[in-house]
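Let me give you the structure first, and then I'll get to my questions.
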Amino acid sequence: MSKRLIPYITMDGNAKEAIEFYEKALDAQLLFVQTFGEMPENPDFPIPAEVKERVGHATLKVGETELMFSDTFPGSPFSSGNQVSICITTDSVEQSQKMFDALQQGGQVGMPLQETHFSPAYGNVTDKFGVTFQIFTEVRS
């Protein structure tokens, strides 16, 4: 079983600009980028045209570490200076569930841990100290 902590930066429509900046400033390499428009469509939640070019998820390699990014979905709360969370990445649904359950004690669930198109178990929670964690379970190959 593996476990990693990855800083996750949420931007408000300017993630592409931030990614380009950090690529140069940190001599980073873009590993992955996907816009909201490139994600699988969900008929229950259609993506407005003005959102499709926003970054849904991106990963930069900075030395031996990673830095992740996304843009907010318009209308989602955003506060400049408070847009960094910690992404805990595991390869075990059971481990993800255990950590999620522990972190939510006295905290607040932003998105329940659930299967998504990109993960067998993903969710986010702000713990009792106000620290936001994303729990991401990698797909086993």
Side-chain angles (χ1 to χ4, degrees), residues 1-93 95-141:
M1 174 180 9
S2 70
K3 190 184 320 175
R4 295 179 294 150
L5 298 179
I6 302 169
Y8 199 109
I9 300 174
T10 303
M11 305 300 290
D12 194 23
N14 58 343
K16 286 181 183 177
E17 178 184 350
I19 290 165
E20 290 174 7
F21 174 79
Y22 291 119
E23 277 182 293
K24 292 174 185 162
L26 303 176
D27 193 26
Q29 175 189 4
L30 182 64
L31 298 180
F32 177 83
V33 65
Q34 183 179 53
T35 64
F36 283 109
E38 293 169 329
M39 293 180 174
E41 291 195 35
N42 180 341
D44 295 331
F45 299 100
I47 297 175
E50 66 273 12
V51 177
K52 290 187 177 190
E53 291 304 310
R54 285 183 173 226
V55 173
H57 180 73
T59 304
L60 285 179
K61 180 123 176 123
V62 183
E64 298 300 314
T65 62
E66 293 178 355
L67 185 59
M68 294 181 175
F69 293 85
S70 69
D71 277 314
T72 57
F73 201 84
S76 298
F78 178 83
S79 177
S80 183
N82 191 22
Q83 69 261 36
V84 178
S85 61
I86 298 170
C87 182
I88 302 175
T89 302
T90 76
D91 61 358
S92 163
V93 171
Q95 182 68 33
S96 292
Q97 187 68 60
K98 181 179 175 184
M99 288 186 293
F100 189 87
D101 291 345
L103 288 168
Q104 73 175 325
Q105 298 303 311
Q108 178 147 1
V109 172
M111 177 181 173
L113 194 69
Q114 60 190 287
E115 185 175 347
T116 65
H117 76 275
F118 55 86
S119 174
Y122 173 83
N124 68 63
V125 60
T126 301
D127 72 11
K128 64 183 178 181
F129 301 104
V131 178
T132 300
F133 290 89
Q134 298 180 55
I135 309 297
F136 171 71
T137 312
E138 293 180 311
V139 176
R140 293 183 184 147
S141 318

Test item: side-chain donor near acceptor, T72 and R54, under 3.5 Å: yes
Aromatic ring proximity, centroids under 6.0 angstrom, H117 and Y122: no
Pairwise distance OG(S119) to CZ(F136) - rounded to 0.5 angstrom: 5.0 Å
Inter-residue atom distance D91.CG - S2.OG, 0.5 Å rounding: 3.5 Å
Plane angle bin for H57 and F32 - parallel if under 30°, tilted between 30 and 60°, otherwise perpendicular: tilted
Donor-acceptor side-chain pairing of D101 and Q105 below 3.5 angstrom: no
Any I88 side-chain heavy atom under 4.5 Å of F100 side chain: no
Polar contact flag, side-chain donor to acceptor under 3.5 angstrom, S85-Q134: yes
Between CD on residue E41 and CE on residue M39, distance to nearest 0.5 Å: 12.5 Å
Interatomic distance, Y22 atom OH to D27 atom CG [nearest 0.5 angstrom]: 15.5 Å
Donor-acceptor contact below 3.5 Å, side chain D127 vs main chain G107: no
Separation of T89 OG1 from M68 CE (nearest 0.5 Å): 4.5 Å
